[in-house]
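Position 1 is the first residue of the sequence, and the numbers go up from there.
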Amino acid sequence: MQQHDIGLIGLGVMGRNLALNIERHGFKVAGLDSDENKLAELKKKFKNKNITVYSSLETFLQDLKSPKKIMMMIPEDKVDDLIKTLKRHLSRGDLLIDGGNSYFLDTGRRNKELQADGILYIGTGVSGGENGALWGSSILPGGNKEAWPLVKPIFQAIAAKVEDGTPCCEWLGDDGAGHFVKMVHNGIEYGDMQMICEAYFLMKQRLGVTPDEMHGVFTEWNRGELNSYLIEITGNIMANKDSETGKPMIDVILDSAGQKGTGRKFIQTALNLGVPVQSIAEAVFARAMSAVRDERTAASKLLAGPKVEFNGNKDEFIEMIRKALYASKICSYAQGFQMLRAASQEYNWHLNFGRIALLWRGGCIIRAQFLDKIKKAYDEEPGLPNLLLDPYFKASIDANQDAWRKIVAGAVESGIPIPVFSSSLAYYDSYRTSRLPANLLQAQRDYFGAHTYERVDKPRGTFFHHEWN
């Protein structure tokens with residue numbers, strides 16, 4: 001009988017790469033998949049490795065060490081059915097791990113249901129794509145804390161490491177905390193990607209900068225405060241040529257973006273928690289707008305806009321774009337960490353925001369030098385209500401906001417859509433404004449629906465209704 005340290009169910013790209021990563025760190029792995037063609041391929045791929053693949057659930061389970069540790073790498077809509085099947089074969093103290101992108105409330109529900117049967121449960125985000133799964137991801141576990149010691153040696157061994165060797169993996173909290181933090185990561189990722197696209201679009205539409213020139217721009221930006229995985233790969237993308245036409249690869253890709261739903265979940269959760277996340281919401285809506293390409297193409301022949309003109313210094317304008325990108329990035333991350341703060345309070349998770357920034361410092365898609373500044377901000381003031389109030393980020397906005405405003409104004413005058421740049425600026429201006437026009441909104445609500453309002457000259461929490469004429 002084989003005695004494997006951990007079992008993986010679902011040997012797609014992520015599952016098989018995790019199996020190889022775990023095995024490379026000295027653990028014996030069992031893998032289960034129902035696709036016979038895939039299993040034949042994997043038996044060749046795993047030859048001479050401590051990885052055994054199975055098509056039989058019963059044999060797979062028999063060959064796991066007790067307590068059994070099983071990680072599910074399957075679509076989130078299949079998780080409940082698989083848990084139902086597995087429960088018949090598990091004993092008290094066995095551990096199930098959901099390594100997919102399940103919704104955090106579903107993870108919390110599953111944890112409570114399994115806890116009643118004595119089965120341990122972890123929902124863990126795994127960020128970094130297939131390369132991260134193979135060589136080191138940001139791993140974000142939460143759930144039943146009794147389960148953490150069982151899997152901690154494996155997870156921290158296979159996780160990405162920052163410069164001092166600290167693993168990008170640490171226990172985050174109860175129930176769905178791990179999947180929540182992964183969802184916020186994905187929301188921030190949406191914002192990062194869209195604002196980089198807007199920087200590209202401004203250079204292309206307003207300045208006529210070529211992809212080859214943009215390769216140099218993004219490469220240079222990656223040497224400074226914007227240093228990040230996404231800026232790095234954007235520079236590489238600009239240098240690639242299409243083998244069929246010889247054109248820049250970026251110019252032959254259709255401008256219609258896909259999404260898998262994590263951005264929508266982020267926005268829905270933000271609405272439920274009452275957290276303003278304009279930058280990230282606009283990034284999600286930008287993808288939705290891109291998807292109606294046929295409508296946009298037809299509308300472009302009918303709807304007029306201003307002429308795109310530029311008569312200034314191109315290098316100075318590119319530098320202003322860089323500054324606008326950095327300021328927008330600060331606002332997007334501020335919104336993400338506001339989400340973490342609201343959820344930590346709502347669900348009593350006691351999230352450590354500085355630690356989360358460190359966990360995102362390696363392996364994941366949003367990994368960036370910038371995250372060190374966030375960690376330092378929360379190390380210095382754990383109760384910081386918003387990153388905009390941290391001295392470093394306040395000084396950064398002060399230094400960049402003049403260029404930021406000029407970029408947004410110039411884009412509006414030229415008819416170039418930059419929804420994340422402009423919504424980030426609106427977020428900043430709203431957050432720094434002591435009196436917003438919501439007093440009129442409350443008057444309107446009270447006028448037509450008697451919804452009441454508070455007064456500036458009375459204690460908060462006391463509500464009034466006016467008999468409007």
> When the ring centroid of F180 is compared with that of W349, is the distance short of 6.0 Å?
Replying inline: yes

> Taking 4.0 angstrom as the limit, do R223 and E220 come out as a salt bridge?
Replying inline: yes

> Under a 4.5 Å cut-off applied to non-hydrogen side-chain atoms, are I70 and L90 in contact?
Replying inline: yes

>> Is the ring pair W148/W171 parallel, tilted or perpendicular, if the boundaries are 30 and 60 degrees?
In response: tilted

> Going from OH on Y431 to CD on Q278, what distance comes out if it is rounded to the nearest 0.5 angstrom?
Replying inline: 12.5 Å

> Is any side-chain heavy atom of Y347 closer than 4.5 Å to a side-chain heavy atom of D174?
Replying inline: no

>> Pair K314, E316 - check side chain to side chain contact (heavy atoms under 4.5 Å, CB included), show working.
In response: CA-CA 5 Å; K314 186 162 79 170; E316 289 179 359; over 6 Å; no

>> With a sphere of 6.0 Å drawn around CD of E130, does it hold more than 12 non-hydrogen atoms of other residues, nucleotides or ligands?
In response: no

> Less than 4.0 Å between a side-chain N and a carboxylate O, is that true for K241 and D212?
Replying inline: yes

>> Between K152 and E170, does any side-chain N to carboxylate O distance fall below 4.0 Å?
In response: no

> Can the positive tip of K265 be found less than 6.0 Å from the middle of the six-membered ring of Y103, inside 45° of the ring normal?
Replying inline: no

> Just wondering, do Y121 and Q115 contact through their side chains at under 4.5 Å, heavy atoms?
Replying inline: no

>> I'd like to know whether H179 forms a side chain to side chain donor-acceptor pair (under 3.5 Å) with S102, so could you lay out the CA-CA distance, the side-chain angles of the two residues, the decisive distance to 0.1 Å, and finally the verdict.
In response: CA-CA 7 Å; H179 275 143; S102 290; 4.9 Å; no

>> Counting C-beta onward and ignoring hydrogens, is there a side-chain heavy-atom pair between I356 and Y378 closer than 4.5 Å?
In response: no

> Only one of H350, E346, Q345 forms a side chain to side chain donor-acceptor pair (under 3.5 Å) with N348, so which one is it?
Replying inline: H350

>> For K69, is there an ion pair with D5 - N to carboxylate O distance below 4.0 angstrom?
In response: no

> Does a side-chain N-to-carboxylate-O contact under 4.0 Å join K78 and D81?
Replying inline: no

>> Using a 6.0 Å cut-off, check whether atom CZ of F201 has over 12 heavy atoms from anything other than its own residue.
In response: no

>> Looking at Y190, I'd like to know if the NZ or CZ of R287 sits under 6.0 Å from its six-membered ring centre while staying within 45 degrees of the ring's axis.
In response: yes

>> Which residues pass the salt bridge (Lys or Arg N to Asp or Glu O under 4.0 Å) test with E225, not counting sequence neighbours?
In response: R322

>> Please report the interatomic distance CG(N144) to CG(L95), rounded to the nearest 0.5 Å.
In response: 8.5 Å

> Would you call the rings of W360 and F337 parallel, tilted or perpendicular if under 30° counts as parallel and over 60° as perpendicular?
Replying inline: perpendicular

> Residues two or more places apart in sequence or in another chain: which of them pass ring pair (Phe, Tyr, Trp, His ring centres under 6.0 Å) with F27?
Replying inline: none

> Should K376 and D390 be marked as a salt bridge (Lys or Arg N to Asp or Glu O under 4.0 Å) after you check the CA-CA gap, both sets of side-chain angles, and the distance that decides it?
Replying inline: CA-CA 10 Å; K376 183 179 179 183; D390 172 73; over 6 Å; no

> So is K329 actually on top of F370's ring, under 6.0 Å and inside 45° of the axis?
Replying inline: yes

>> Using 0.5 Å steps for rounding, measure from the CD1 atom of I330 to the OH atom of Y392.
In response: 6.5 Å

>> I'd like to know if K38 pairs up with D33 as an ion pair, taking the criterion as any Lys NZ or Arg NE/NH1/NH2 lying under 4.0 Å from an Asp or Glu carboxylate oxygen.
In response: yes

>> According to side-chain hydrogen bond (donor to acceptor under 3.5 Å, both in side chains), who are the partners of K87, at least two apart in sequence or on a separate chain?
In response: D117

> Do the rings of F218 and W221 sit parallel, tilted or perpendicular, given the 30° and 60° boundaries?
Replying inline: perpendicular

